[in-house]
Trainee: 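Take a look at this one; I'll ask things after.
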Amino acid sequence: WLIIQFFMLVYFTRGLSITTPEQMIEKAKGETAYLPCKFTLGPEDQGPLDIEWLLSPADNQKVDQVIILYSGDKIYDDYYQDLKGRVHFTSNDLKSGDASINVTNLQLSDIGTYQCKVKKAPGVGNKKIQLTVLVKPSGTRCYIDGSEEIGNDFKLKCEPKEGSLPLRYEWQKLSDSQKLPASWLPEMTSSVISVKNASAEYSGTYSCTVRNRVGSDQCLLHLDVVPPSNRAGTVAGAVIGTLLALVLIALIVFCCHKKRREEKYEKEVHHDIREDVPPPKSRTSTARSYIGSNHSSLGSMSPSNMEGYSKTQYNQVPSEDLERAAQSPTLPPAKVAAPNLSRMGAVPVMIPAQSKDGSIV
């Protein structure tokens, strides 16, 4: 029975045949990959035509995904979200025997095994294609690591920003004699050239080309080997500059501290004056007290010793104080009856009258 089934399978699958061989395709990121799948039909293949493409991702954790399907004369290309809008059949008439597809704008996530399945009962056929997506070298930068002085050791470096491995490097000298130092030859195909005991003849323009299986990139480097600089003078200048900076900082700090102490002292002195010293008396009150004392003196004098006193005493009051006293508002004297004054203990005082010329009457 097993032998009969084998021969039946061979007989029924002899008609439909996929002529495209299994293969591996390498493309650069962002490019379009053409995945061929051409087939032929036999006269006994009379069933409906079904074409199915599946992707087995490089990550074995994921299951096979249907990415595009042709069935019942209709195309379905929205099965796999990561490839939606980027996978298409290349032929407008799939019944002609061409089930090839294009995958556009390739991404690293597109890496995997693609399988083409063709069914037309009783015939069945399938083929696998391995697709690898690589990144072209780009953003390559050439630079010098070290001091470009005669007698020094330094390195010439060539580094691409991105690029799929393996990468190959090639250095060339573009200027002068274009002859490279013999000691460099072993490193001309690496990303770094180690320069030992540099000399002026090493000066010139160099190029570094980076390649992989899908593309290449290049950068230029200008090397100028110069005599050693005056390091002693440079160090001395740096030391002097540092000292001057420290002195300047110390001076600024000292001035700020001194200013703060002065402000603090002024505040303390001002506070002491306001708390301890009473306010000065006004000149008007002084004048009033002066006049009042004189009136009291006059009241206690007898007529015998008043002569020669009136003019001299009144003339001793400054005119300015008198004017201010006269200008200051005075309240009208309160009227108190004579009996009440006696009860209050008042003592009658005789005030001598005075004529217009100032003499006592």
Side-chain angles (χ1 to χ4, degrees), residues 13-42 45 47-120 123-139 160-168 209-217:
T13 58
R14 185 177 297 173
L16 192 152
S17 175
I18 295 178
T19 59
T20 302
E22 294 187 354
Q23 55 186 296
M24 296 181 62
I25 298 175
E26 287 185 346
K27 285 290 182 178
K29 179 183 176 182
E31 293 184 346
T32 297
Y34 169 69
L35 307 183
C37 181
K38 295 185 178 181
F39 62 92
T40 59
L41 300 173
D45 299 323
L49 177 64
D50 292 332
I51 301 173
E52 184 181 56
W53 276 90
L54 295 93
L55 168 62
S56 300
D59 185 359
N60 295 327
Q61 302 288 336
K62 298 181 180 179
V63 299
D64 293 354
Q65 300 285 339
V66 177
I67 60 174
I68 193 167
L69 175 67
Y70 173 82
S71 180
D73 295 333
K74 290 185 178 180
I75 298 174
Y76 305 91
D77 57 0
D78 57 353
Y79 282 95
Y80 188 46
Q81 189 65 29
D82 290 352
L83 283 173
K84 187 175 181 180
R86 296 195 292 121
V87 59
H88 312 280
F89 284 110
T90 59
S91 175
N92 294 326
D93 184 12
L94 299 179
K95 296 179 181 179
S96 64
D98 188 0
S100 304
I101 60 172
N102 280 333
V103 181
T104 61
N105 189 23
L106 288 172
Q107 303 298 316
L108 296 179
S109 59
D110 299 338
I111 297 174
T113 302
Y114 291 77
Q115 183 175 0
C116 174
K117 288 185 176 181
V118 181
K119 301 177 184 178
K120 189 172 178 64
V124 177
N126 67 83
K127 288 292 181 180
K128 293 182 179 180
I129 298 175
Q130 182 71 36
L131 176 62
T132 302
V133 180
L134 302 176
V135 179
K136 292 180 179 180
S138 63
K161 185 176 181 181
E162 59 179 2
S164 298
L165 301 175
L167 295 172
R168 302 188 305 275
T209 304
V210 188
R211 291 187 177 89
N212 63 7
R213 293 195 296 268
V214 293
S216 63
D217 194 28

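Just so it is clear, the model here is predicted, and its values are computed rather than measured. Quick note: numbers below take in every heavy atom, side chains included, and nothing from hydrogens, waters or symmetry partners. Residues take their numbers from the sequence shown, with the count starting at 1.
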Trainee: Will you find, in the side chains of S138 and E162, an N or O donor that is under 3.5 Å from an N or O acceptor?
Mentor: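 Yes, because at least one side-chain N or O of S138 sits under 3.5 Å from a partner of the opposite role on E162.
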Trainee: Just by distance, do the side chain of N212 and the backbone of V135 share a donor-acceptor pair under 3.5 Å?
Mentor: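 Yes; at least one donor-acceptor contact below 3.5 Å.
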Trainee: Under a 3.5 Å threshold, yes or no: a donor from one side chain and an acceptor from the other, between D77 and Y80?
Mentor: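 Side-chain D/A pair, D77 to Y80: absent.
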Trainee: Check for a donor-acceptor pair, side chain of R86 on one end and backbone N or O of V103 on the other, with a separation under 3.5 Å.
Mentor: no
Trainee: Indicate yes or no: at least one non-hydrogen side-chain atom of F39 is less than 4.5 angstrom from one of L49.
Mentor: yes
Trainee: Below 4.5 Å, heavy atoms only, C-beta onward: do P160 and D217 meet side chain to side chain?
Mentor: no
Trainee: Within a radius of less than 6.0 Å around CG of D93, do more than 12 heavy atoms belonging to other residues, nucleotides or ligands occur?
Mentor: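 Yes.
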Trainee: Would you mind reporting whether L54 and T113 have side-chain heavy atoms less than 4.5 Å apart?
Mentor: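 Heavy-atom side-chain distance check fails, nothing below 4.5 Å.
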Trainee: Under a 4.0 Å N-O cut-off, is there an ion pair linking D50 with K117?
Mentor: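 Looking at K117 together with D50, the answer is no, because their closest N to O distance does not fall below 4.0 Å.
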Trainee: Any idea which heavy atoms bring V133 and A28 closest together, and the distance?
Mentor: CG1-C, 4.3 Å
Trainee: Run the side chain to side chain contact (heavy atoms under 4.5 Å, CB included) check on Y70 and K95 step by step: do they pass?
Mentor: CA-CA 10 Å; Y70 173 82; K95 296 179 181 179; 3.7 Å; yes
Trainee: Within the side chain of D78, is there an N or O that forms a donor-acceptor pair under 3.5 Å with the backbone of Q81?
Mentor: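 Such a contact is absent between D78 side chain and Q81 backbone.
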Trainee: Between NZ of K128 and CE of M24, what distance do you get to the nearest 0.5 Å?
Mentor: 13.5 Å
Trainee: Indicate the atoms forming the closest heavy-atom contact of K29 with Q107, along with that distance.
Mentor: CE-OE1, 3.6 Å
Trainee: To the nearest 0.5 Å, what is the distance between CD1 (I25) and OH (Y114)?
Mentor: 10.0 Å
Trainee: What distance do I111 atom CD1 and K27 atom NZ have between them, rounded to the nearest 0.5 Å?
Mentor: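 Going from the CD1 atom of I111 to the NZ atom of K27 covers 14.5 Å.
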Trainee: Are S164 and V214 packed together at the side-chain level, in the sense that at least one heavy-atom pair is separated by less than 4.5 angstrom?
Mentor: no
Trainee: Does the side chain of P36 reach to within under 4.5 Å of the side chain of Q23, using non-hydrogen atoms?
Mentor: yes
Trainee: Can you confirm whether the side chains of Y34 and S100 place a donor and an acceptor under 3.5 Å from each other?
Mentor: yes
Trainee: Please report the shortest heavy-atom distance between D45 and G123, naming the atom on each side.
Mentor: OD1-N, 3.3 Å
Trainee: Which heavy atom of G125 sits nearest a heavy atom of L16, and at what distance?
Mentor: N-CD2, 3.7 Å
Trainee: Using only atom types and a distance under 3.5 Å, with no angle test, would you say the side chain of T20 pairs donor to acceptor with the backbone of K38?
Mentor: yes
Trainee: Could you tell me the separation between the CG atom of L41 and the OG atom of S96, rounded to the nearest 0.5 Å?
Mentor: 10.0 Å
Trainee: Using 0.5 Å steps for rounding, measure from the OG1 atom of T40 to the CD1 atom of I18.
Mentor: 9.5 Å
Trainee: Which one of T132, T32, L131 satisfies the side chain to side chain contact (heavy atoms under 4.5 Å, CB included) criterion with L106?
Mentor: L131
Trainee: Yes or no on side chain to side chain contact (heavy atoms under 4.5 Å, CB included) for L55 and W53, after CA distance, side-chain angles and deciding distance?
Mentor: CA-CA 7 Å; L55 168 62; W53 276 90; over 6 Å; no
Trainee: Closest heavy-atom contact between I67 and L83?
Mentor: CG2-CD1, 3.7 Å
Trainee: Would you say that K127 contacts Q115 through its side chain, given a criterion of any heavy-atom pair below 4.5 Å between the two side chains?
Mentor: no
Trainee: Tell me, do P166 and R213 make a side-chain contact under 4.5 Å, heavy atoms counted?
Mentor: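 In contact.
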Trainee: To the nearest 0.5 angstrom, please state how far the CD atom of Q65 sits from the OG atom of S56.
Mentor: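 So the CD of Q65 and the OG of S56 are separated by 9.5 Å.
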Trainee: Side chains of K136 and E31, heavy atoms from C-beta outward: is any pair under 4.5 Å?
Mentor: yes
Trainee: Check T90 against I101 and note the closest heavy-atom contact, atom names and distance.
Mentor: CG2-C, 3.8 Å
